[in-house]
Amino acid sequence: MELSKNYTPALVEEKWTRLWQEKKYFKSVPDSRKPFTVTIPPPNVTGVLHMGHTLNETVQDILVRRARMSGFNACWVPGSDHASIATEAKVVDMLKKKGIDKNNLTREEFLKYAFEWKEKYGGIIYSQIEKLGCSVDWDRVTFTMDDHYYKAVIKVFVELYNNGLIYRGARMINWDPSAKTALSDEEVEYKEVTGKLYYVKYKVAGGQQTDEYIIIATQRPETIMGDTAVCVNPADDRYAHLKGMKVIVPLVNREVPVIFDEYVDQAFGTGALKITPAHDINDYNIGLKYNLPIIDTLNEDGTLSHAAEVFIGLDRFEARKKAVEKLKAEGLLVKEEDYQTRMGFSQRTNAVVEPRISTQWFLKMKELAKPALDAVLNGGIKIHPEERFLNTYKYWLENVKDWCISRQLWWGQRIPAWYDANGNVYVAETEEAAGVQLQASSSSGLQLVQDEDVLDTWFSSWLWPMEVFNGITDPDHKDFNYYYPTSVLVTGQDIIFFWVSRMIMAGFQFKHQKPFSDVYFTGMVRDKLGRKMSKSLGNSPDLLELIDKYGADAVRFGIMISSPAGNDLLFDEASLEQGRNFNNKLWNVLKLIKLWEQRKTNEYKDVEEYDFATEWFQSKLNYTRNEINVLINQFSLSEALKKIYSLIWDDFCSWYIEWVKPLSEDRPHSIKFDKTIYFFEELLQLLHPFMPFITEEIYHLLKERPIDDDLTIKQYPSQLNYNSNILNEGELLKRAITTIREFRSKNQLGNKNQIELTIHPHNENYEAYEKFRYILPNQVNSTWALNVAINNQASKIIVSKDTFFIKTEQVLNKDNQKQDLLKDLEYQKGFLQSVMKKLGNERFVQNAKPEVIALEQKKKADAEAKIKVLEESLANL
RNA sequence: GGGUCGUUAGCUCAGUUGGUUCAGAGCGCUGCUUUGACAGAGCAGAGGUCACUGGUUCGAGCCCAGUACGACCCACCA
């Protein structure tokens with residue numbers, strides 16, 4: 001079979017995706033093996049994968065594939081989140097473009113459109129997960145609005161309500177005027193913005209002496225109409241005389257009292273604060289304290305309401321402009337100044353959030369928080385990287401506030417609460433059950449009307465690791481008992497509060513068990529300049545385009561190689577190029593082996609009983625595998641990949657293959673040939689979790705295999721023995737070869753010029769240099785000999801403590817050699833001095849550990865030996 | 001305002017319990033190399049007072065304190 005010049009990923013990836021699925025390798029059912037369970041952080045059902053997802057899914061796939069190849073029953077559950085606000089906003093937009101106003105639709109009609117939308121676009125995310133090579137169990141795909149999942153959400157709502165943890169009440173909440181719904185505190189993102197501080201005159205009311213006024217600083221003149229008091233600090237002399245007096249609110253000319261409260265900071269602004277209980281959380285609290293009226297001057301869409309009396313129907317920001325104009329016209333605006341402030345934005349719609357008083361459902365969090373905190377503090381759940389997130393997690397849970405869980409939307413789980421005409425509420429899983437409650441009450445016979453609101457998306461996704469295995473709706477389900485608690489959660493650090501902490505709470509609340517054992521937080525993916533990826537900057541690459549251009553393996557490689565554990569990742573397409581080049585390197589190894597195979601005839605020699613190169617690489621391979629195990633166990637996946645990359649590129653390709661490479665007139669012998677194939681297979685297996693497609697493809701192109709001999713299920717070996725002596729010898733020989741090459745390079749000796757090499761090794765290195773006979777001929781175009789006499793015409797170089805004599809046909813400039821030797825000598829002497837100093841220090845000898853002293857003594861001996869060799873060489877030059 | 005993390009080669013980062021044959025990797029850069037796997041490559045090389053200032057120690061990139069910058073999180077100051 002003819003192999004193409006370069007590796008072409010597209011067809012290969014498609015083929016293996018299909019074959020793996022046909023063979024059901026990623027399907028998992030409970031069995032006698034230990035489970036390794038991962039539930040995907042469900043992306044928004046109508047979304048597309050961005051680079052953050054790509055990183056997350058790749059990390060999960062690496063862990064899952066590795067577990068699968070290490071004897072675990074690996075189960076990775078895919079799925080998606082209904083994402084109530086985000087999806088509803090998209091559907092509303094889509095309808096608007098069609099000329100349909102959501103307000104003219106019934107709930108049922110709207111949901112019909114929403115489900116159509118979900119059917120149409122919900123699959124995109126799944127096909128992207130598949131393209132990336134994720135080894136998920138597609139038979140387990142779960143959507144947070146699936147029937148059973150919906151029921152689970154309703155069930156826990158009722159349970160929490162019956163336990164007194166859910167209540168309904170009027171509170172000041174965060175309102176998204178764009179989506180027209182309440183938000184939780186976590187859904188508000190604060191950003192620094194430059195605003196203006198307006199200084200406005202409030203005239204003091206009473207009698208004829210109306211010249212007097214108080215100046216008040218405000219950022220929000222459009223809320224002036226909602227003012228119901230002005231507040232100053234009781235200790236503030238400037239305003240002490242105003243006790244019991246009233247001021248006139250501008251624009252609406254309402255008289256409101258001056259009140260005194262220590263909350264007010266005398267030093268800020270003018271020391272006088274307008275109180276607008278309906279539109280500011282602090283004012284609201286002060287209003288409660290002084291029993292002030294509440295005038296809500298905003299509609300749910302952020303326009304001014306009738307209660308505002310002026311600017312009715314104008315958007316709040318438009319109203320602000322008008323208010324400023326009018327105040328100016330009336331001579332009430334004293335000045336305006338720039339002001340740095342923080343404003344809250346809705347995470348989903350990016351609308352400026354309004355504090356608003358409204359009746360919502362809340363979940364009490366204090367009780368839920370405790371076990372969730374304990375589990376992490378006592379190590380039952382481990383967070384990686386721990387140092388960075390443990391404190392954040394702890395602080396949030398210790399200061400957690402009640403969670404506003406109702407949303408004024410239609411897309412989501414509808415709150416299972418029914419009201420009768422008297423305003424009594426009945427919470428039950430079904431309308432029938434609520435009806436039973438009604439009949440048993442004094443309101444018997446009245447009509448029931450269900451609450452219009454749905455639940456916060458996170459109130460469904462916090463059940464994810466349980467309900468994907470039916471753990472809530474069917475508590476004794478065999479899958480749940482087998483797979484739960486899951487093994488590891490991989491997610492972005494931005495949803496530690498939204499999701500991670502709440503899943504832990506839910507796990508303990510409903511199952512008295514943690515949902516996962518480890519949490520691995522990936523960093524945020526930024527562009528190569530360190531900026532966040534965003535649509536407006538246009539720096540967010542399209543995943544499918546990247547896969548088309550470089551192949552999925554290269555994308556996975558690129559994103560992993562530049563992804564230090566827990567740190568933000570600066571995404572640069574250059575790293576994907578590196579991944580593609582790595583593909584090509586692997587491909588070329590395959591081509592080389594095929595070339596050898598063609599030449600493999602019965603002329604092959606089978607006589608060689610020992611070969612250094614194969615012995616060395618076997619040890620190197622196992623040694624590195626041990627290192628990689630350690631790295632992966634501590635979630636240093638990027639480091640692990642670097643190790644594998646270097647093992648393949650440097651140790652295998654640049655050293656091992658060159659060492660076993662047949663000379664042009666020679667033939668490779670079978671043992672070396674078979675070993676090489678075996679090593680290559682082992683390397684492919686090691687790399688497979690990171691780059692599944694090309695490794696599987698090459699694995700099969702290497703030789704004919706039985707039907708189920710696929711890399712993706714091949715089990716890793718458990719014995720990883722290595723021989724340190726051989727490894728050390730390998731390092732010495734590598735260094736020797738490099739030094740000879742350097743000599744050639746410095747003396748401008750082309751590879752065609754043969755040299756005569758004679759080595760006079762230090763005793764302890766003699767055996768190592770004997771191994772040269774297995775590998776040297778392929779390396780440096782030279783004859784060589786050990787310990788034979790040599791005349792002084794040869795050039796000398798020093799490797800370790802060993803002298804290399806090199807004879808060439810050309811006459812070489814010995815000054816350069818002399819310079820090098822002198823430089824080396826100088827360094828060694830300095831080094832020896834520092835070692836001597838240390839060993840001469842009594843306190844060092846007394847305090848240091850014996851092995852440290854022994855090491856220093858060895859350093860001393862080595863340095864002395866080397867100096868001796870150097871001096872002899874110089875003397876002879 | 002409170003807190004967390006970071007500052008090591010031009011860039012992005014490793015450096016495990018403190019021991020100068022550990023100051024490293026990848027990318028980038030420089031030079032050489034194009035008929036036997038691979039120029040999407042090979043070989044070799046140059047580049048760093050480990051942010052700064054003190055301290056602990058026989059010994060500090062690593063521990064402690066402070067300073068300066070940077071990033072992020074949390075918090076109701078108009």
Side-chain angles (χ1 to χ4, degrees), chain A residues 3 5-7 172 190 197 216-220 231 263-265 267-276 280-285 339 341-342 355 385 387-392 395-396 399 493-494 496-497 523-524 528 530 561-570 572 574-575 577-578 580-596 630 634 636 638-639 642-643 645-646 653-654 657-658 661 664 738 741-746 748 750-751 800 827-828 830-831 834-835 837-838 840-849 851-853 855-856 858-859 862-863 866:
Chain A
L3 292 169
K5 181 173 187 298
N6 292 329
Y7 173 65
M172 182 156 267
Y190 290 91
L197 202 54
I216 285 163
T218 179
Q219 289 185 69
R220 306 199 55 191
C231 188
Y263 167 76
V264 178
D265 178 357
F268 190 89
T270 60
L273 175 65
K274 76 189 200 62
I275 304 297
T276 322
D280 183 282
I281 181 68
N282 302 302
D283 294 10
Y284 175 72
N285 290 333
Y339 182 66
T341 188
R342 271 162 48 92
E387 64 276 14
R388 206 163 315 173
F389 298 109
L390 189 59
N391 280 319
T392 309
Y395 185 85
W396 189 77
N399 297 282
Q493 49 199 254
D494 50 328
I496 181 167
F497 307 135
M524 186 187 288
K528 64 177 168 184
I561 203 79
S562 48
S563 173
N567 274 358
D568 283 356
L569 176 159
L570 272 56
D572 187 347
S575 67
E577 254 173 66
Q578 198 186 345
R580 184 197 57 190
N581 294 353
F582 189 34
N583 275 340
N584 209 41
K585 189 75 179 177
L586 295 166
W587 191 249
N588 278 307
V589 174
L590 174 70
K591 275 162 57 180
L592 176 68
I593 288 176
K594 287 288 152 190
L595 212 84
W596 288 353
V630 171
Q634 62 198 30
S636 298
S638 177
E639 292 301 309
K642 283 176 185 168
K643 276 258 187 300
Y645 178 79
S646 169
C653 295
S654 297
I657 286 186
E658 295 303 325
K661 211 179 226 179
S664 49
T738 300
R741 285 176 182 157
E742 192 185 346
F743 174 85
R744 275 185 182 279
S745 179
K746 274 188 179 160
Q748 293 166 324
N751 288 334
S800 185
Y827 173 82
Q828 292 301 332
F831 179 68
S834 77
V835 175
K837 194 174 150 199
K838 204 183 285 185
N841 185 327
E842 254 177 62
R843 283 202 268 181
F844 170 74
V845 180
Q846 278 165 10
N847 296 333
K849 284 177 273 184
E851 58 265 34
V852 173
I853 295 175
L855 189 69
E856 291 301 321
K858 171 133 185 8
K859 284 183 199 168
D862 285 355
K866 180 142 191 190

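Chain naming here is simple, since letters A, B, ... match the order of the sequence lines and numbering starts at 1 in each.
When the C1' atom is used for both B/U30 and B/G66, the distance is 43 Å, rounded to whole Å. Look at the P atom in both B/A75 and B/G70: the space between them is 24 Å, to the nearest Å. Rounded to whole Å, the C1' atom of B/G26 lies 30 Å from the corresponding atom of B/C63. Nucleotides B/C13 and B/A78 place their C1' atoms 45 Å apart, quoted to the nearest Å. Spacing of P atoms, B/C11 relative to B/C50, comes out at 16 Å, to the nearest Å. Taking atom C1' in both B/C69 and B/C27, one finds a spacing of 26 Å when rounded to whole Å. Here, B/G3 and B/G19 have their C1' atoms 36 Å apart, quoted to the whole Å. For the P atoms, the distance linking B/G61 with B/G55 amounts to 15 Å, nearest Å.
Remark: the A/N391 side chain and the B/G3 base include no donor-acceptor N/O pair separated by less than 3.5 Å.
Scanning both residues, A/E856 and A/K838, for their nearest heavy atoms gives OE2-NZ, 3.4 Å. The minimum heavy-atom distance linking A/K5 with A/N584 is given by the pair O-OD1, 4.3 Å.
By the side-chain hydrogen bond (donor to acceptor under 3.5 Å, both in side chains) test, A/S575 pairs with no residue at all, sequence neighbours left out. For A/S834, there are no side-chain hydrogen bond (donor to acceptor under 3.5 Å, both in side chains) partners, not counting sequence neighbours. Scored by the ring-ring contact (aromatic ring centres under 6.0 Å, His included) test, A/Y7 finds A/W587 as partners (sequence neighbours excluded). A/N282 meets the side-chain hydrogen bond (donor to acceptor under 3.5 Å, both in side chains) test with A/Y263, A/D280; sequence neighbours excluded. Residues satisfying the ring-ring contact (aromatic ring centres under 6.0 Å, His included) criterion with A/F844, sequence neighbours excluded, are absent altogether. Residues passing the side-chain hydrogen bond (donor to acceptor under 3.5 Å, both in side chains) test with A/Q578 are A/Y645, sequence neighbours excluded. Residues satisfying the side-chain contact (heavy atoms from CB on, under 4.5 Å) criterion with A/K858, sequence neighbours excluded, are A/E764, A/D862.
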Check: protein-nucleotides 46-51 of chain B nitrogen or oxygen pairs below 3.5 Å:
none

Every protein N/O within reach of nucleotides 57-62 of chain B N/O, cut-off under 3.5 Å:
| residue | atom | partner | partner atom | Å |
| --- | --- | --- | --- | --- |
| B/C58 | OP1 | A/R843 | NH1 | 3.2 |
| B/C58 | OP2 | A/R843 | NH1 | 3.2 |
| B/C58 | O2' | A/N841 | ND2 | 2.8 |

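To the nearest 0.5 Å, atom CG of residue A/D572 and atom CD of residue A/E577 are 8.5 Å apart. Within the model, atoms CG of A/N588 and CG of A/L3 stand 10.0 Å from one another, a figure rounded to the nearest 0.5 Å. Interatomic distance, NZ of A/K528 versus CG of A/L570, reported as 10.5 Å (0.5 Å rounding). In this structure, SG on A/C653 lies 9.0 Å from CD on A/E658, to the nearest 0.5 angstrom. Here CD of A/Q846 is found 9.5 Å from CD1 of A/I853. Values are rounded to the nearest 0.5 Å. Between the CD atom of A/E639 and the CD1 atom of A/I561 there is a distance of 8.5 Å, given to the nearest 0.5 Å.
Under a cut-off of 6.0 angstrom, the local environment of NZ in A/K643 is sparse, with at most 12 non-hydrogen atoms contributed by other residues, nucleotides or ligands.
Nucleotide B/U20 holds its C1' atom 12 Å from the NZ atom of A/K837, rounded to whole Å. Going from atom CG of A/L569 over to atom P of B/A14 covers 12 Å, rounded to whole Å. Distance A/M524 CE to B/C5 C1': 15 Å, rounded to the nearest Å. Atom CD1 in A/I657 sits roughly 12 Å away from atom P in B/C43 (whole-Å rounding). Taking atom CG on A/L570 and atom P on B/G6, their separation rounds to 17 Å, with Å as the unit. Rounded to whole Å, atom P of B/G42 lies 10 Å from atom CD of A/E658. Across the protein-nucleic acid pair, A/N399 atom CG and B/G3 atom C1' stand 11 Å apart, rounded to whole Å. What separates CG of A/D862 from P of B/U20 is a distance of 14 Å, to the nearest Å.
No donor-acceptor pair under 3.5 Å is formed between the side chain of A/D568 and the backbone N or O of A/G523.
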Next item on the list: Any chance you could list the contact pattern along nucleotides 71-78 of chain B? Use B for base contacts, S for sugar-phosphate-only contacts and - for none, protein heavy atoms under 4.0 Å, 5' to 3'.
Entry: --SSBBBB
Note to self: Can you build the contact string for nucleotides 22-27 of chain B? Use B for base contact, S for sugar-phosphate-only contact, and - for no protein heavy atom under 4.0 Å.
What the structure shows: -S--SS
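Within the 4.0 angstrom heavy-atom criterion, base atoms lie near A/N6. Among the heavy atoms of the strands, none lies under 4.0 Å from A/S575. A/Q748 comes within 4.0 angstrom of no nucleic acid atom, judged by non-hydrogen atoms across all strands.
You'll find that the side chain of A/C653 is closest to B/A37, out of B/G45, B/C43, B/A37. Taking every side-chain heavy atom of A/N581 into account, B/G40 is the closest of B/G40, B/G19, B/C13.
Contact check, A/K594 against B/A37: no side-chain N or O comes under 4.0 Å of OP1 or OP2. Phosphate proximity of B/G40 to A/R580: absent, as no side-chain N or O sits under 4.0 Å from OP1 or OP2. An OP1 or OP2 oxygen of B/G42 is reached within less than 4.0 angstrom by a side-chain nitrogen or oxygen of A/K585.
Comparing A/K528 and A/K866 by the nucleotide of RNA chain B whose heavy atom lies nearest to each, the residue mapping closer to the 5' end is A/K528. When each of A/N588 and A/E742 is assigned the nucleotide of RNA chain B with its nearest heavy atom, A/N588 is the one assigned upstream, toward the 5' end.
Anti is the conformation of B/G6, whose glycosidic angle sits further than 90° from 0.
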Item checked: Under the 3.5 Å Watson-Crick or G-U criterion, the dot-bracket string of RNA chain B, with | for inter-strand pairs -> (((((((..((((.....[....)))).(((((.......))))).....(((((..]....))))))))))))....
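Considering A/D265, A/I216, A/V264, A/T218 as possible partners of A/L273, the one that fulfils the side-chain contact (heavy atoms from CB on, under 4.5 Å) test is A/V264.
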